[in-house]
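Sequence lines set the chain letters: A, B, ... in the order given, protein chains first and strands last, and positions in each chain run from 1.
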Amino acid sequence: MPEGHTLHRLAGEIGATFGRRRVRVSSPQGRFSDAATLLDRATLRGAEAAGKHLFVEFSGQRYVHVHLGLIGSFVLGTGTAPEPRGAVRLRFATRSSYADLRGPTVCELIGPGERAAVLDRLGPDPLREDADPEQAWRRIGRSRAPIAALLMQQEVLAGVGNVYRAELLFRHGIDPQTPGCRLDRQRWLLMWDDLVQLMRAGVASGRIDTVRCAHTPEAMGREPRVDDHGGEVYVYRRAGMPCWVCGEEVRTEVLAGRNLFWCPTCQDRRPA
DNA sequence: GGAAGATGACAAG
DNA sequence: TTGTCCTCTTCCC
């Protein structure tokens with residue numbers, strides 16, 4: 001289940017596995033059949049991620065635009081592709097590798113103009129070299145919305161999802177309800193740097209791990225715990241359990257339709 | 001076997 | 001804010 005690190009990792013894997021090769025493209029499930037027919041046996045040029053969006057480029061400036069949504073997955077395998085299991089929306093295959101896409105909210109064939117339009121509406125992505133944290137700050141620093149909501153808005157900041165937002169706020173001791181405009185710019189820049197490191201580690205390991213990737217004082221000297229997701233986290237989905245740092249019970253609340261997790265004692269950083 | 005939930009995003013009201 | 005879509009896994013009966 002994907003936040004931005006998943007998509008960047010996927011882009012790397014798809015590029016390394018299929019890049020500059022002629023690829024069989026199909027849609028066993030059927031919902032992408034017309035486009036798959038157009039792309040079949042074309043050369044896959046490369047793959048790129050922006051926030052939670054993935055663009056797989058084929059010859060002729062054709063792009064497959066994928067968004068995994070909440071439940072989508074794109075899984076690579078080696079060897080001859082097996083009989084498709086379940087609803088495989090899109091399959092790439094060569095003689096030695098294959099990749100199956102299931103459950104995306106977006107899987108469409110687009111051109112360069114549509115790709116540019118997607119990129120234009122996204123905020124800076126901490127995983128992209130060209131990203132500018134000041135661009136996000138211009139939105140955050142002017143908004144009265146809670147910082148926990150702003151971090152999830154892809155036009156403010158691209159690639160952060162529910163896990164990174166919860167963990168980032170914890171690591172910086174910030175009350176999730178703090179309005180964006182009450183945050184100070186220096187703190188935002190520290191948060192950005194932290195995100196860059198956390199998300200790069202996520203790309204490298206394929207999971208979100210905010211405890212082992214520890215470089216804030218709060219994280220020192222604590223026993224890491226392996227989370228259900230395979231990563232180690234401070235507050236995400238730990239409602240009712242003791243905070244690793246202070247022992248207070250981790251709280252949860254629905255904010256903007258999503259479960260938020262935080263420690264009320266550690267996260268008391270309030271506007272001055 | 002069925003319901004609920006899950007790292008997302010959009011439209012409608 | 002609510003409903004909807006996407007698919008799979010986990011939990012409970």
Separation of atom [atom1] in [X] from atom [atom2] in [N], rounded to whole Å:
X: A:Gln153; N: B:dG8; atom1: CD; atom2: P; answer: 13 Å
X: A:Leu168; N: B:dT7; atom1: CG; atom2: P; answer: 17 Å
X: A:Asp100; N: C:dT7; atom1: CG; atom2: P; answer: 13 Å
X: A:Glu108; N: C:dC6; atom1: CD; atom2: P; answer: 15 Å
X: A:Asp125; N: B:dG8; atom1: CG; atom2: C1'; answer: 16 Å
X: A:Leu70; N: C:dT4; atom1: CG; atom2: C1'; answer: 13 Å
X: A:Leu90; N: C:dT7; atom1: CG; atom2: P; answer: 13 Å
X: A:Arg207; N: B:dA6; atom1: CZ; atom2: P; answer: 21 Å

Euclidean distance for [atom1], [N] against [M] (whole angstrom):
N: C:dT9; M: B:dA9; atom1: P; result: 22 Å
N: C:dC6; M: B:dG1; atom1: P; result: 23 Å
N: B:dC10; M: C:dC8; atom1: P; result: 23 Å

Name every donor-acceptor pair, under 3.5 Å, that has one atom in a side chain of residues 66-80 of chain A and the other anywhere in the protein, sequence neighbours excluded.
from    : atom 1 : to      : atom 2 : distance (Å)
A:His67 : ND1    : A:Gly69 : N      : 2.9

Seminar exercise, completed: Students should find that the hydrophobic cluster of A:Leu190, defined by side-chain heavy atoms under 4.5 Å apart, otherwise consists of none
Sort me out a list of protein N/O and nucleotides 9-13 of chain B N/O pairs below 3.5 Å, or just none if empty.
from  : atom 1 : to      : atom 2 : distance (Å)
B:dA9 : OP1    : A:His67 : NE2    : 3.2
B:dA9 : OP2    : A:Lys52 : NZ     : 3.1

For this session: Apply ring pair (Phe, Tyr, Trp, His ring centres under 6.0 Å) to A:Phe55 and list each qualifying residue two or more places apart in sequence or on a separate chain.
Result: A:His65
Exercise. With sequence neighbours left out, what residues match A:Phe32 under ring pair (Phe, Tyr, Trp, His ring centres under 6.0 Å)?
Worked result: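 Result, ring pair (Phe, Tyr, Trp, His ring centres under 6.0 Å) vs A:Phe32: none returned.
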For this session: Could you check whether A:Gln29 gets within reach of a base, just the sugar-phosphate, or nothing at all, counting any heavy atom under 4.0 Å?
Result: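 Counting heavy atoms under 4.0 Å across all strands, the contact made by A:Gln29 is with sugar-phosphate only.
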For this session: Describe the nucleic acid contact of A:Arg165 in one word from base, sugar-phosphate, nothing, applying a heavy-atom distance below 4.0 Å.
Result: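 The answer is nothing, as A:Arg165 stays clear of every strand by at least 4.0 Å.
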Just N and O in the side chain of [X]: are any of them under 4.0 Å from OP1 or OP2 of [N]?
X: A:Arg31; N: C:dC6; result: yes
X: A:Asn162; N: B:dA6; result: no
X: A:Arg89; N: C:dC6; result: no
X: A:Tyr236; N: B:dT7; result: yes

Exercise. Should the pair A:Glu48-A:Arg128 be classified as a salt bridge under the 4.0 Å nitrogen-to-oxygen rule?
Worked result: yes
Under 3.5 Å, side-chain donor or acceptor atoms of residues 249-260 of chain A against the rest of the protein: list the pairs with distances, not counting sequence neighbours.
from     : atom 1 : to       : atom 2 : distance (Å)
A:Arg251 : NH2    : A:Glu248 : OE2    : 3.2
A:Thr252 : OG1    : A:Leu260 : O      : 3.0
A:Glu253 : OE2    : A:Gln177 : NE2    : 3.3

Exercise. Could you state the interatomic distance from CE (A:Met191) to CZ (A:Arg165), rounded to the nearest 0.5 Å?
Worked result: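 Result: 12.0 Å between the selected atoms.
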